[in-house]
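A quick write-up on the structure given underneath.
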Protein chains: 2
Amino acid sequence: MPDVTVPPALPPEFGVYFALLEVSALVQHGVEGQLRRDGGLSFVQFQILAMCGEDPSSPKSMTDLADRLVHSKSGLTYQVGQLAKAGLVERVPSPHDDRAVNVTLSAKGAALLERVLPGHVAVVREVLVDALDDVDRDELTRLLGMVLRHMRSQPRRSARRASPPS
Amino acid sequence: MPDVTVPPALPPEFGVYFALLEVSALVQHGVEGQLRRDGGLSFVQFQILAMCGEDPSSPKSMTDLADRLVHSKSGLTYQVGQLAKAGLVERVPSPHDDRAVNVTLSAKGAALLERVLPGHVAVVREVLVDALDDVDRDELTRLLGMVLRHMRSQPRRSARRASPPS
DNA sequence: AATAGATAGTTCGAATTCGAAGGAGTTGGT
DNA sequence: ACCAACTCCTTCGAATTCGAACTATCTATT
């Protein structure tokens with residue numbers, strides 16, 4: 001019998017880490033089915049549409065979308081291409097920066113978003129929102145907001161690895 | 001200005017949804033870099049190793065892993081294949097069920113896991129754990145645990161068949 | 001036992017993802 | 001005006017992911 005080395009247990013405060021990952025994965029999975037059925041959309045595509053519809057007065061660049069959705073830029077190029085091909089979004093050259101491309105919802109895209117949203121809301125409610133009462137839900141929102149602020153305040157992705165030797 | 005913006009069409013209690021998704025994506029992204037650098041592992045591969053090392057006395061089947069990591073079975077087959085090819089895990093036929101395959105850490109896999117874990121813990125701590133004080137972190141853990149229980153009480157992920165409700 | 005229906009895992013093709021490399025535009029210092 | 005460094009986005013190839021179809025095994029009912 002191979003002696004099984006017991007891997008070092010993680011510190012107990014890391015329960016929050018695993019719980020977070022699993023909850024988020026389960027929510028995404030639950031939502032993906034609905035989006036596919038009701039609108040033929042992948043989760044990422046839905047996120048792009050939702051973000052574009054969020055505030056039409058401030059158009060979103062590819063980089064804005066990639067940062068917020070935590071997606072690679074090349075992946076975004078691909079998905080925005082798919083959505084554009086389907087006539088759901090339009091690429092609009094930025095007036096201020098000739099390098100940038102803004103992505104806006106087309107009328108068709110806005111209509112699809114509205115068609116998909118009720119079912120989406122229902123699934124998220126069933127799977128996530130209804131798991132907690134109002135007080136606990138507000139508390140969870142507050143705590144996640146704190147984490148988000150903490151993360152956003154940290155250095156960008158160009159984080160150089162601190163050489164540990166010294 | 002609120003920390004968490006929500007598309008106008010969504011009820012306000014859905015802030016928790018967007019916050020959850022973004023936090024989780026950022027944590028994963030932060031962790032991926034460290035895993036790749038320190039161990040040449042993808043996040044999924046690390047999760048598989050970590051889960052196998054969690055409690056060697058209770059071996060994990062492919063389905064166990066797929067359910068817990070919220071991954072497709074075919075994707076798991078691929079990744080376990082990669083890990084086995086690298087000599088990090090071993091496929092062991094289940095003694096109780098000839099259909100099932102259990103995945104166990106090899107000595108090499110356990111060693112790699114131990115080598116990668118300290119840096120991993122450091123990144124998770126920096127990015128997530130340190131965002132909150134002890135009280136808030138425990139509270140977040142508790143709330144996520146409640147959501148998890150709620151989700152798990154619902155039909156399994158594998159439950160997917162066209163069976164007419166007679 | 002014998003059958004039907006679930007379950008475990010794999011294989012396959014198609015779609016998606018990422019990182020690296022590259023083209024084009026912008027910025028700031030001189 | 002110039003040049004270097006930076007940013008925005010796309011293209012490309014390789015790796016990963018999923019769902020559907022399939023084989024083999026288990027379970028429950030008859």
Side-chain angles (χ1 to χ4, degrees), chain A residues 25 28-37 40-48 59-86 89-103 156-158, chain B residues 25 28-33 35-37 40-48 59-86 89-104 155-164 166:
Chain A
Q28 281 191 41
H29 189 273
V31 150
E32 264 162 14
Q34 180 265 328
L35 291 173
R36 186 83 59 183
R37 278 191 305 274
L41 291 170
S42 71
F43 184 58
V44 180
Q45 290 171 341
F46 168 76
Q47 283 183 299
I48 295 172
K60 310 291 185 290
S61 71
M62 298 293 283
T63 300
D64 290 339
L65 294 168
D67 269 353
R68 184 83 171 284
L69 306 184
V70 196
H71 236 66
S72 68
K73 285 186 170 186
S74 50
L76 251 210
T77 295
Y78 174 77
Q79 285 298 0
V80 169
Q82 297 295 107
L83 292 172
K85 200 186 303 177
V89 301
E90 282 158 16
R91 296 158 184 262
V92 181
S94 165
H96 296 305
D97 189 332
D98 281 350
R99 299 168 300 178
V101 175
N102 289 331
V103 183
R156 280 275 181 184
R157 316 185 168 167
S158 14
Chain B
Q28 281 191 41
H29 189 273
V31 149
E32 265 162 13
L35 290 173
R36 186 81 61 182
R37 278 192 305 273
L41 291 171
S42 71
F43 184 58
V44 180
Q45 291 171 340
F46 168 76
Q47 284 183 297
I48 295 172
K60 309 293 185 290
S61 71
M62 299 293 284
T63 300
D64 291 338
L65 293 168
D67 271 351
R68 183 84 169 285
L69 306 185
V70 195
H71 235 67
S72 68
K73 286 184 170 188
S74 50
L76 249 216
T77 296
Y78 174 77
Q79 285 297 0
V80 168
Q82 297 295 107
L83 292 172
K85 201 186 302 178
V89 301
E90 283 158 17
R91 297 158 184 262
V92 181
S94 165
H96 297 306
D97 188 334
D98 281 351
R99 299 168 299 180
V101 175
N102 289 331
V103 183
T104 64
R156 269 283 192 193
R157 291 208 313 125
S158 312
R160 272 303 204 87
R161 259 321 170 207
S163 44
S166 58

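Proteins get letters first, then strands, A, B, ... in listed order; numbering begins at 1 in each.
Interface remark: the B/Thr77 side chain does not form any donor-acceptor pair with the C/dG9 base, using a distance-only criterion of under 3.5 Å. Side-chain atoms of B/Ser72 and base atoms of D/dG19 include no donor and acceptor less than 3.5 Å apart.
We find the CG-CD distance between A/Leu76 and A/Gln47 to be 10.0 Å, quoted to the nearest 0.5 Å. The OG atom of A/Ser42 sits 4.5 Å away from the CD atom of A/Gln79 when rounded to the nearest 0.5 Å. Note: B/Asn102 CG to B/Arg91 CZ = 12.0 Å, rounded to the nearest 0.5 Å. Once rounded to the nearest 0.5 Å, the distance linking CG of B/Asp67 with OG of B/Ser61 reads 8.0 Å.
Ranked by how close their nearest DNA chain D nucleotide is to the 5' end, B/Tyr78 and B/His96 are led by B/Tyr78. Annotation: of the two residues near DNA chain C, A/Gln82 and B/Ser74, the 5′-most nearest-nucleotide partner is B/Ser74.
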N/O contacts under 3.5 Å, protein versus nucleotides 4-8 of chain D?
residue	atom	partner	partner atom	Å
D/dT7	O2	A/Arg99	NH1	2.5

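Atoms CG (B/Asp64) and C1' (C/dT7) sit 13 Å apart, rounded to a whole Å. Note: CG (A/Leu69) to C1' (C/dT16) measures 15 Å, nearest angstrom. In this structure, the CD atom of B/Gln79 is 9 Å from the C1' atom of D/dA15, given to the nearest Å.
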